[in-house]
Asks: 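I have a structure I would like to understand better, so I am pasting it below and will then ask my questions one at a time.
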Amino acid sequence: MTAQTAAVDSPAAPSVPPAVRRGGRAAVLGLTGTFLVLGIMASLPYVVDNGVTTQLVKLCYLIALASMWNLLAGYAGMVSMGQQAFIGLGAYTLFVVNDHGINVYAGTLVVSVVVALIAWPVSYIAFRLRGGYFAVGTWVIAEVVRLIVVRFDSLGAASGRNITTITAEPVLRQAYTYWLALAVMAAAVVGTYLALRSRLGLDLQAIRDDETAAGSLGVNVTRGKRIIYIAAAGGCAAAGAVICVNSLGVASPPQIFGVQYTALMIFMVVIGGIGTVEGPVIGALVYFLLDKYFAQSGVWYLVVIGAAAIAVSLYLPRGLWGTLTHRTGFAIFPVTHKVLRTARRDEA
């Protein structure tokens with residue numbers, strides 16, 4: 001028998017099935033580091049003055065808002081221009097629950113649930129639209145919600161109203177407000193990460209890439225999108241409640257229902273990196289610093305913001321964190337699957 005014949009007749013050495021890993025040590029380290037940072041941030045009211053925590057409240061609700069818009073557009077493919085509807089409903093629902101004897105801090109959780117329930121029937125209207133029509137339609141829905149709210153005199157009509165039962169002691173009020181904002185931010189980021197690590201997360205990414213193909217593979221497209229739409233509404237409502245409390249319980253329809261909130265969400269997600277858990281956090285931090293140092297510069301503030309958005313869009317289309325992840329594979333919150341190469345096992 002020749003060597004060539006022996007090679008043909010001998011069975012091929014069986015190969016080890018490829019191993020699939022999702023996160024592994026990186027996921028453990030990411031969550032551990034996140035909870036460590038949150039623990040340090042939670043202790044800040046004891047070691048810094050109110051001025052620092054006041055500024056961090058804004059950073060916290062910006063991260064929460066960016067995370068919610070990223071969940072919608074970056075993972076479910078729903079580019080919404082009307083999330084300000086749920087921000088405003090969050091603030092005004094806080095007035096209602098506070099009028100019924102619930103304090104504003106515990107009331108934020110109630111507000112999130114109530115607005116999420118309101119978003120459920122609204123989704124049946126919004127989901128009749130696709131693509132650009134969906135974006136414009138959500139903006140129209142936000143305007144309709146604002147027009148409905150200003151019809152109620154008990155909510156201050158067109159001039160808005162305020163809450164008079166917030167904790168009177170300034171130091172305690174600011175500390176409680178900061179902890180509330182921190183809790184909302186943590187729930188938004190960690191909740192997004194856990195959702196994307198679940199079966200729902202796989203469905204969402206399939207829907208984002210190709211809705212028709214996802215449906216043909218058995219993904220319940222409408223159900224997945226509706227769950228995320230409702231969850232994002234609840235998250236935006238909680239952020240709206242924080243904005244209201246941070247403003248000493250004052251809210252007016254032109255401000256709290258303003259489209260500028262959605263514009264900020266889009267800016268932060270694009271700068272940080274759409275479709276990543278970390279991107280909205282980085283984008284919110286960038287906007288927070290730009291706002292802090294250039295907000296008093298008049299028209300130059302808008303020039304800097306616009307220049308930053310143009311530069312990132314042209315040279316880093318994946319965003320800051322998205323580009324880093326694409327080039328290095330590094331992720332604090334890994335949600336993708338990795339196939340590990342394995343050597344072929346020789347036959348015994």
Side-chain angles (χ1 to χ4, degrees), residues 65-89 115-116 118-147 188 192 195-196 199-237 239 257-277 279-280 283 306 309-310 312-314 316-319 321-322 326 335-336:
L65 289 175
S67 297
M68 292 300 96
W69 196 86
N70 181 57
L71 190 61
L72 277 172
Y75 287 101
M78 294 183 287
V79 180
S80 172
M81 294 294 294
Q83 291 307 106
Q84 65 270 20
F86 304 115
I87 298 173
L89 281 176
V115 174
I118 294 174
W120 178 48
V122 172
S123 68
Y124 285 90
I125 300 173
F127 286 4
R128 296 181 67 87
L129 305 171
R130 293 288 185 274
Y133 296 103
F134 176 84
V136 175
T138 53
W139 191 351
V140 173
I141 289 172
E143 286 300 300
V144 171
V145 170
R146 182 183 66 82
L147 292 174
T192 297
L196 294 175
R199 170 64 184 271
L200 175 62
L202 293 175
D203 291 348
L204 290 178
Q205 294 175 71
I207 293 170
R208 175 196 61 190
D209 294 339
D210 193 317
E211 187 173 314
T212 303
S216 67
L217 293 174
V219 176
N220 192 328
V221 175
T222 303
R223 175 181 172 272
K225 293 173 67 173
R226 180 164 288 118
I227 290 174
I228 294 305
Y229 186 83
I230 293 172
C236 288
F257 284 101
V259 72
Q260 73 272 7
Y261 285 115
T262 295
L264 286 180
M265 292 184 224
I266 297 173
F267 174 82
M268 292 184 289
V269 172
V270 169
I271 290 291
I274 191 169
T276 63
V277 179
I310 292 172
V312 171
S313 299
L314 290 177
L316 299 172
R318 298 177 185 271
W321 187 267
H326 178 69
V335 297
T336 58

Asks: Does the side chain of Leu65 come within less than 4.5 Å of Leu264's, by heavy atoms?
Replies: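 They are not in side-chain contact.
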
Asks: Of all heavy-atom pairs between Ala126 and Ile141, which one has the smallest distance, and what is that distance?
Replies: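 So the minimum-distance heavy-atom pair works out to CB-CD1, 4.0 Å.
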
Asks: Holding to ring pair (Phe, Tyr, Trp, His ring centres under 6.0 Å), I want the full list of residues that pass it with Phe127, two or more places apart in sequence or in another chain.
Replies: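 With sequence neighbours excluded, Phe127 shows a ring pair (Phe, Tyr, Trp, His ring centres under 6.0 Å) to Tyr229, given in chain and number order.
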
Asks: Identify each donor-acceptor pair in which a side-chain atom of residues 81-89 lies under 3.5 Å from a protein atom, sequence neighbours left out, and give them as a table.
Replies:
residue: Gln83; atom: OE1; partner: Ser80; partner atom: OG; Å: 2.9
residue: Gln84; atom: OE1; partner: Thr262; partner atom: OG1; Å: 2.5
residue: Gln84; atom: NE2; partner: Met81; partner atom: O; Å: 3.3

Asks: Can you name the nearest heavy-atom pair linking Ala116 to Ile230, along with the distance?
Replies: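 Taking every non-hydrogen atom into account, O-CG2, 3.4 Å.
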
Asks: Counting only pairs under 3.5 Å, give me each side-chain donor-acceptor contact of residues 71-78, with atom names and distances, residues two or more places apart or in other chains.
Replies:
residue: Tyr75; atom: OH; partner: Gly275; partner atom: O; Å: 2.7
residue: Tyr75; atom: OH; partner: Thr276; partner atom: N; Å: 3.4

Asks: Does any part of the side chain of Thr192, heavy atoms only, come nearer than 4.5 Å to the side chain of Leu196, both counted from C-beta?
Replies: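 Yes, close enough: below the 4.5 Å cut-off.
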
Asks: Which residues satisfy the side chain to side chain contact (heavy atoms under 4.5 Å, CB included) test with Leu147, sequence neighbours excluded?
Replies: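 Not a single residue meets the side chain to side chain contact (heavy atoms under 4.5 Å, CB included) criterion with Leu147.
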
Asks: Name all pairs fulfilling the salt bridge (Lys or Arg N to Asp or Glu O under 4.0 Å) condition that reach into residues 213-234, sequence neighbours left out, sorted by first residue then second.
Replies: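 Residue pairs with at least one partner in residues 213-234: Glu211-Lys225.
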
Asks: Kindly give the heavy-atom pair with the smallest separation between Val115 and Ala233, and that separation in Å.
Replies: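 Closest approach of Val115 to Ala233, heavy atoms only: CG1-O, 3.9 Å.
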
Asks: Do any pairs count as a salt bridge (Lys or Arg N to Asp or Glu O under 4.0 Å) and have a residue in residues 135-146, sequence neighbours left out, and if so which ones?
Replies: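 Those involving residues 135-146 are Glu143-Arg146.
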
Asks: Identify the two heavy atoms, one from Ser313 and one from Val270, that lie closest to each other, and give their separation to 0.1 Å.
Replies: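 Between these two residues, the closest heavy atoms are OG-CG1, 4.1 Å.
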
Asks: Might you point out which heavy atoms bring Pro280 and Gly273 nearest each other, and give the distance in Å?
Replies: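 The pair with the smallest heavy-atom distance is CD-O, 4.2 Å.
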
Asks: Can you find a pair of side-chain heavy atoms, one from Leu200 and one from Ile228, that are under 4.5 Å apart?
Replies: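 A side-chain contact exists here, since the closest heavy-atom pair is under 4.5 Å.
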
Asks: Which residues pass the side-chain hydrogen bond (donor to acceptor under 3.5 Å, both in side chains) test with Trp69, sequence neighbours left out?
Replies: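 None.
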
